[in-house]
Amino acid sequence: MTTTIFATHHYNYPQNFIEMKPKITRLEQAIKKLETNLINADAEILEQRLASHLGLQVDYASELNANQLLAATTIEGKVLVIAGAGSGKTKTLTYRTSYLIENGVSPKEILLLTFTRKAANEIKNRARTLLTSRLLDNNPIDGKALNDITSGTFHSFCNMLLRQYSGLLGINPRFTILDTGDSEDAIDLTHKEKKYPTKITNQAFPRKKTLQNIFSTSRNRRIPIRHLIESSYPDIAVHIPVIEQLAIDFHEYKRANHLYDFDDIISQVVRHLKRNDTFRQLLQNQYRYIMVDEYQDTNIPQKELIDLMCAPASVSLMVVGDDNQSIYAFRGANYENILLFGESYPEAKLIKLEQNYRSTPAVLDYINALSAQITLGYQKQLYSDVSMEGIKPVFRRLSDESKEAKYIADKILESKSDYDYQDFAVLCRTSFQSNYVQLEFMERNIPFIVVGGIRFIERRHIKDVLAFVKILYNPNDTIAWHRILTLFKGVGSVTATRLTQAINADNNSFAPLITTKFTKKSTQLEPLYKMLSKASQAESVEAIIELILDFYMPVLKINEDNWRERSEDFRVLKNLASEHDSLDSFLENLALDPPNDSVATAGVPEQGEESIDKNRDKVTISTIHSAKGLEWSVVFVNSLVDGMTPHYRSLSDFEELEEERKLFYVACSRAKARLFLTAPDYFSSYSGYFDKVSRFVAEVPADTITVLTVKQPIDESDDPVWW
DNA sequence: AACCCGAGGTTTTTT
DNA sequence: ACCTCGGGTT
């Protein structure tokens, strides 16, 4: 029995653990079975692989470790690669890509699906460098050919398919994409149009946000709406029949107006793959080598997509992931996909990458201890061959959140001689947990950048401007019309709907805007008409944005008192526009690969050209979710109170709690050299009062971590005893 | 039909 | 402490 830090604490285990037992057993069996297909880089295999490398440009054997080499050179059949944190996953995919090409695979046959487009481009570019930098005398490989590799996120790939094969699929290629907020609006509009009751026996109808959530979860996790509501939203059960009907109406509404939400983009492709044999065979013949990154975060439709494309034995599939890092169930990801891979592909091979190149042994010991607490998963133990042990992670409790922030700032300034600002990151469970940290950093003049939280694309004024662009691209986009028209005083929901209908009925001409019936509602409609007419003739995306802004700025000034601040964002928007030469690529990029950093930065003011390096040197403040895949020398994780991390909403559900545990694992495994964990004494909100240290900190063996107690002379006099 | 105001429920994470 | 929704008012 190992000693844990807070042995006296008692945490209630989720009640549904018993019900979960059969499912857990099934998953365990699938894991066990696939474990028997594990291949290891033994001497014989390696020798075989090395022999086949004669004549290749890249020296795979000396640049990869044994199992990386195995993964990079196993190019036929179905393979699952379990890639632990910091095990060189991107490197392996890069070398595999290069290996495929050196073995005569055409770049056009390669499909690379990753979590972000950035990751896809990185792999492509690194593979290019790899292949072309070795270019000696007669290198037959053209670096440009790598552009023919199809790569991107599931969403961008499916979006491309829908547009490119629109003829074959019988759909309109000029559709617009609804983000989550737009979907909510569309649900609301459908609801109002159909005039469904908003109350039954005094029970209010759920909000649009809740509805969007229900619809999306129902589709991504394949749970009928009725069951989902009965199990997760029991208090709105009286509304089930209406909600079910609304789901159908909502879907028809989207189809009628050429609107696709995030879920449609994937699901519609899956639907076509199932029904359209020509389409399916086309893709199966085209993409012969498929690689999927972050497989643990795929949802059911995404898994189905892969399964359909990979049905022929001749299609090679390698999925890469880490079951310890599945943290997206809330948006429908299904952690079972990776655990049940052996069920879908009984012949699949399993390869594990367990050598860690990121963290010191001291940090690794800790994250291995965290990993041991995760109930389900493939056997794994990260190891390092670095001999310097490093410093153990530190846990410190402080009286409140501002003291926590102070402590973090102190530590950063203390170790500033060893590191740059950009070597630090503060990782938070929720974005608002960074508020105190931001304040403290501003006061102490520590430059920082905030990642996660309210994003660029979701700001009201940005969405407004994009609505104009969307209309120019798809005049059927009723959601965008509605958004624009209700900006004007005198035009409300009813007029907007009527006007939108008139436009659509008039073959999408803008003419109804200048009929007297509507112009008397607002003087803005005529200028709008002129602007749209002009913009539809404009030469470039940038010119269109300029025209829209000329029109929109006065409106913004009337509607928002902080218009000056908001209009700063338009420079970013104009820059983005200048990078695109067509409306579809511009809109697609913003919808599916939006700029991630919030513009919120502080500290070092801009000082012109030379200070670019200085502007990069900032501490990162990020949500844990947005930190996935990244690493820093020094990592802080705050708010480690049970109820904040794990979040109180997940305490009663076994699977949700497991995901929180994995989230903490992701956070800690970002650290290269130092890991600081902090917790305030308590946290209270309308949902309760929480004062126990996070169970994730409490449950690991005490010798893996240094716990600072009251005895430590850190500038806090009123540090209470907390265990 | 639009707008204003007050009440009540709300807050995790994001392609 | 915040935003969304509903109801009453203009």
Side-chain angles (χ1 to χ4, degrees), chain A residues 113-120 152-159 177-181 183-185 188 191-192 198-199 204-213 216 220 235 260-266 294 297-299 301-302 325-333 427-435 451-458 460 485-486 488-499 520-522 588-594 596 598 622-628 639 643-651 656-657 659-660 662-664 666-667 683-688:
Chain A
L113 294 172
T114 56
F115 202 64
T116 63
R117 204 173 305 201
K118 208 173 122 205
T153 61
F154 276 92
H155 287 92
S156 67
F157 174 61
C158 290
N159 174 62
I177 297 169
L178 303 179
D179 67 21
T180 312
S183 292
E184 289 166 14
D185 292 344
D188 222 30
H191 185 210
K192 283 185 181 131
T198 51
K199 239 178 202 177
F205 201 70
R207 283 134 193 264
K208 56 181 181 181
K209 204 172 182 166
T210 314
L211 291 168
Q212 200 280 333
N213 225 315
S216 184
N220 289 333
D235 36 328
Y260 282 67
D261 62 24
F262 289 138
D263 303 326
D264 289 328
I265 293 175
I266 312 282
E294 309 277 14
D297 286 324
T298 53
N299 61 27
Q302 289 167 338
Q325 297 189 56
S326 62
I327 55 173
Y328 282 98
F330 70 91
R331 70 169 206 225
L427 305 184
C428 309
R429 172 64 187 85
T430 64
S431 47
F432 81 95
Q433 279 162 3
S434 71
N435 290 350
V451 183
I454 317 124
R455 290 165 1 179
F456 182 74
I457 191 83
E458 273 154 22
R460 212 165 34 228
L485 296 172
T486 51
F488 309 135
K489 295 261 178 263
V491 181
S493 183
V494 176
T495 310
T497 305
R498 285 187 187 154
L499 187 42
K520 66 182 178 206
K521 297 277 185 187
S522 163
E588 184 213 310
N589 243 281
L590 277 172
L592 302 180
D593 190 27
N596 207 14
S598 316
S622 171
T623 58
I624 300 173
H625 283 88
S626 305
K628 187 156 117 167
S639 307
M644 298 172 97
T645 318
H647 196 269
Y648 59 85
R649 286 182 53 139
S650 56
L651 295 179
E656 287 179 37
L657 185 63
E659 177 158 310
E660 295 281 310
K662 292 174 182 179
L663 198 53
F664 184 57
V666 169
F683 154 71
S684 88
S685 76
Y686 75 96
S687 51

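Each chain gets a letter, A, B and so on, in the order its sequence line appears, and its residues count up from 1.
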**Request:** Take atom CE of A:Met644 and atom C1' of B:dT11, then tell me their distance rounded to the nearest Å.
**Result:** 12 Å
**Item:** Atom pair distance, as rounded to whole Å: CZ in A:Phe432 and C1' in C:dA1
**Value:** 11 Å
**Request:** In sequence, state the C-alpha distance, the side-chain angles, and the governing distance for A:Glu184 and A:Arg207, and then conclude on salt bridge (charged side-chain N to carboxylate O under 4.0 Å, His left out).
**Result:** CA-CA 9 Å; A:Glu184 289 166 14; A:Arg207 283 134 193 264; over 6 Å; no
**Asked** To the side chain of A:His625, which of B:dT13, B:dT11, B:dT15 is closest?
**Response** B:dT13
**Item:** Below 4.0 Å: OP1/OP2 of B:dT11 and any side-chain N or O of A:Thr430
**Value:** no
**Asked** Under 4.0 Å between a side-chain N/O of A:Thr495 and OP1 or OP2 of B:dA2, yes or no?
**Response** yes
**Complete:** Heavy-atom nearest pair, A:Ile327 first then A:His625, reads O-NE2, 2.9 Å
**Complete:** Rounded to whole Å, CG of A:Asp261 lies from C1' of B:dT14 at a distance of 14 Å
**Nucleotide B:dT14, atom C1' - distance to CG of A:Asn213 in whole Å** = 12 Å
**For atom NZ of A:Lys209 and atom C1' of C:dT4, their distance in whole Å** = 10 Å
**Which residues share a ring pair (Phe, Tyr, Trp, His ring centres under 6.0 Å) with A:Phe115, sequence neighbours left out** = A:Tyr328
**Message:** Looking only at side-chain N and O atoms, does A:Ser156 offer a donor or acceptor that is under 3.5 Å from a partner on A:Thr153?
**Reply:** yes
**Item:** Flag, side chain of A:Gln212 to backbone of A:Lys209, donor-acceptor distance under 3.5 Å
**Value:** no
**Request:** Whole angstrom is fine here: how far is it from CG in A:Leu499 over to C1' in B:dA2?
**Result:** 16 Å
**Item:** Earlier contact from the 5' end, DNA chain B, for A:Thr210 and A:Arg331
**Value:** A:Thr210
**A:Ser626 side chain near B:dT14 phosphate (N/O to OP1/OP2, under 4.0 Å)** = yes
**Asked** Is there ring stacking between A:Phe330 and B:dT13, where the centres must be under 5.5 angstrom apart and the planes under 30 degrees?
**Response** yes
**Asked** Rounded to the nearest 0.5 Å, how far does CD1 of A:Ile265 lie from CD of A:Glu588?
**Response** 8.5 Å
**Message:** Let's see if you can work this out: which of B:dA1, B:dT13, B:dT11 has an atom nearest to the side-chain heavy atoms of A:Ser431?
**Reply:** B:dT13
Contact list (N/O, under 3.5 angstrom) for nucleotides 3-10 of chain B vs protein:
| residue | atom | partner | partner atom | Å |
| --- | --- | --- | --- | --- |
| B:dC3 | OP1 | A:Gly490 | N | 2.9 |

**Salt bridge present between A:Arg331 and A:Glu659 (N-O < 4.0 angstrom)** = no
**Whether A:Thr497 side chain and A:Ser493 backbone form a donor-acceptor pair below 3.5 Å** = yes
**Complete:** Looking only at B:dT11, B:dA1, C:dC5, the nucleotide nearest the A:Tyr648 side chain is B:dT11
**Prompt:** Are a donor atom and an acceptor atom from the side chains of A:Asp297 and A:Ser326 found within less than 3.5 Å of each other?
**Reply:** no
**Prompt:** DNA chain B: A:Ser650 or A:Phe262, which has the more 5' nearest nucleotide?
**Reply:** A:Ser650
**Prompt:** Is it true that a side-chain atom of A:Ser650 and a backbone atom of A:Leu657 form a donor plus acceptor pair closer than 3.5 Å?
**Reply:** no
**Spacing between A:Phe456 atom CZ and B:dT15 atom P, to the nearest angstrom** = 15 Å
**Request:** Would you mind classifying the nucleic acid contact of A:Ser493 as base, sugar-phosphate or nothing, using non-hydrogen atoms under 4.0 angstrom?
**Result:** sugar-phosphate
**Prompt:** Where the side chain of A:Arg498 is concerned, which of B:dT14, B:dT11, B:dA1 is the nearest nucleotide?
**Reply:** B:dA1
**Asked** Which nucleotide in the list B:dT14, B:dT15, C:dC5 gets nearest to the side chain of A:Thr153?
**Response** B:dT15
**Fill in**
Rounded to whole Å, NZ of A:Lys662 lies from P of B:dT13 at a distance of 20 Å
**Item:** Nucleotide-level pairing of DNA chain C, given in dot-bracket where Watson-Crick and G-U pairs need both distances under 3.5 Å and | marks other strands
**Value:** .|||||||||
